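The structure presented is a predicted model; accordingly, all values stated were derived computationally and were not measured. Every number for a ligand or one of its atoms is a count from 1 in the order of the listing.
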Amino acid sequence: MNKYGYRFSFGPWNIHEGADPFGPAVRPALSFETKLPIYKELGFDAVQFHDDDAVPDLDGLAAAQIAARARAVRQMLDDHGLIAEFVAPRLWEHPKTIDGGYTSNNASERAYAIERSKKAADIARELGCDLMVLWLAREGSYMREAKDAGRAARQLLDAINTLLNYDKSIRIAIEPKPNEPMDLAYIPTMGHALALGFQAADPKRVGVLMESAHSILAGLDPSDEIGFAMAFGKLWSVHLNDQNGLKFDQDRSFGAVDLRRAFNQVRVLDANRFWEIGIVGLDVKAIRTQPAELATKHLRNSLQMFTRLVELVRSLDEGRIAGLIATRDYEELDWLILSHLMGR
Ligand code: 3MF
Ligand code: MG
């Protein structure tokens with residue numbers, strides 16, 4: 001926890017080997033055990049999990065084996081003074097998810113996606129957390145005519161209802177993203193995610209996770225996406241990072257591309273007391289050129305950036321801002337914010 005009461009998290013995938021679609025790994029893989037001590041060293045409090053980050057090869061395991069392995073991971077977390085923030089079913093790597101999970105055109109593949117998600121809920125329970133994140137990676141299309149967007153929306157709702165019914169205490173946070181790996185995803189924005197959640201059988205247990213890069217890729221402003229979700233008490237987690245325009249999902253360090261955009265995300269989180277609601281997740285990746293022994297600085301930078309921006313947010317002259325709004329002097333407001341970010 002930082003001095004302002006915020007807690008921080010990342011996933012084991014955020015310390016990674018640097019492979020990209022055009023080249024192999026450039027850094028050695030670290031085991032989960034090796035990554036764990038790094039959390040506290042860098043000032044983090046919580047771990048985000050894919051189901052198979054916690055229980056590798058879970059497809060071949062029986063329920064009791066999955067539970068036993070998850071309990072062992074819980075013990076490792078306890079030993080390091082860490083908690084689990086959420087578990088996300090990884091529905092985009094298995095051969096049965098090539099055409100999507102819940103919205104696959106094949107019934108047995110859809111059934112696989114549901115069974116796999118139930119296992120993720122079981123793992124979350126064993127890890128002592130009640131939050132499941134659904135990044136709906138392949139729930140979309142490359143070929144408009146191959147799927148049906150309306151049917152897909154109903155299938156996604158059915159899947160969410162099935163999970164809410166399977167585990168009566170799980171909460172689900174949908175993580176929207178407009179593209180990549182799919183050409184077009186069915187739940188591209190906060191608005192789509194919230195609309196789906198409000199239709200659910202138990203809407204109180206469905207919220208959202210906002211990822212900065214995903215909002216930017218959708219052509220939207222992340223702070224407005226945060227504000228929209230928080231207006232309805234629905235922002236339960238964030239993946240703060242940064243993104244240089246409309247290209248591949250970069251997962252750059254928070255604030256590395258657009259400082260003012262990062263500042264505004266922190267400002268709306270802080271105004272809505274996010275520290276009382278959730279954990280600040282940083283879904284950032286070291287750039288491929290970073291040497292292995294220096295490949296956690298993106299996490300340090302992102303956490304420090306958040307804390308420094310909280311300080312800037314709280315030292316803003318809010319009275320002066322209100323005055324400039326009253327006189328509609330938005331150019332002076334522009335200058336006030338820019339001067340503040342530049343330190344004078
Ligand atoms: C993809 C993502 C994912 C999700 C993760 C947890 C690998 O763009 O952001 O990171 O955050 O699967 O939901
Ligand atoms: Mg993410």
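Aromatic ring centres of His192 and Tyr186: separated by at least 6.0 Å.
At under 3.5 Å, a nitrogen or oxygen of His239, whether backbone or side chain, sits near a nitrogen or oxygen of ligand 1.
Within 6.0 Å of CG in Asp79 there are more than 12 heavy atoms belonging to other residues, nucleotides or ligands. In the displayed structure, Arg151 atom CZ is contacted under 6.0 Å by more than 12 heavy atoms of other residues, nucleotides or ligands.
Counting heavy atoms closer than 4.0 Å to ligand 1, residue Asp283 contributes side-chain atoms (C-beta onward) but none from N, CA, C or O. Neither the backbone nor the side chain of Phe49 has a heavy atom within less than 4.0 Å of ligand 1.
Near Trp92, meaning under 4.0 Å from one of its heavy atoms, ligand 1 places the atoms 12 (O). For ligand 1, the atoms lying closer than 4.0 Å to a non-hydrogen atom of Val133 are 13 (O). Near Lys177, with a cut-off below 4.0 Å to any heavy atom, the atoms of ligand 1 are 1 (C), 8 (O). Applying the 4.0 Å criterion to heavy atoms of Asp249 picks out, from ligand 1, the atoms 8 (O).
Nearest to atom 4 (C) of ligand 1 by heavy-atom distance, out of Glu175, Met132, His50, is Glu175. With distances taken over non-hydrogen atoms, the option nearest atom 9 (O) of ligand 1 out of Glu211, Arg90, Lys285 is Glu211.
None of Trp275, Tyr4, Tyr6 except one satisfies the side chain to side chain donor-acceptor pair (under 3.5 Å) rule with Asp270; the exception is Tyr6. With Glu211 as the fixed residue, the side chain to side chain donor-acceptor pair (under 3.5 Å) test singles out one of Lys177, His239, Gln243: His239.
Ion pairing between a basic and an acidic side chain is recognised when a charged N comes within 4.0 Å of a carboxylate O; Arg90 and Asp53 show such pairing. Using a cutoff of 4.0 Å between basic side-chain nitrogens and carboxylate oxygens, Arg116 and Asp51 are scored as salt-bridged.
If you check which protein heavy atom lies closest to atom 3 (C) of ligand 1, you get Trp135 CE3, 3.7 Å. At the shortest separation from atom 7 (C) of ligand 1 among protein heavy atoms lies Trp13 NE1, 3.8 Å.
Relative ring orientation between Phe8 and Phe44 is described as perpendicular, the plane-to-plane angle rising above 60° on a 0-90° scale split at 30° and 60°.
With respect to the Mg ion (ligand 2), His239 has ND1 as its nearest N, O or S atom. When the Mg ion (ligand 2) is compared with the N/O/S atoms of Glu211, atom OE1 turns out nearest.
Trp236 carries Arg171 over the face of its six-membered ring, with the cationic atom under 6.0 Å from the centre and within 45° of the normal.
Between OE2 of Glu175 and OD2 of Asp283, the angle at the Mg ion (ligand 2) works out to 170°, rounded to 10 degrees.
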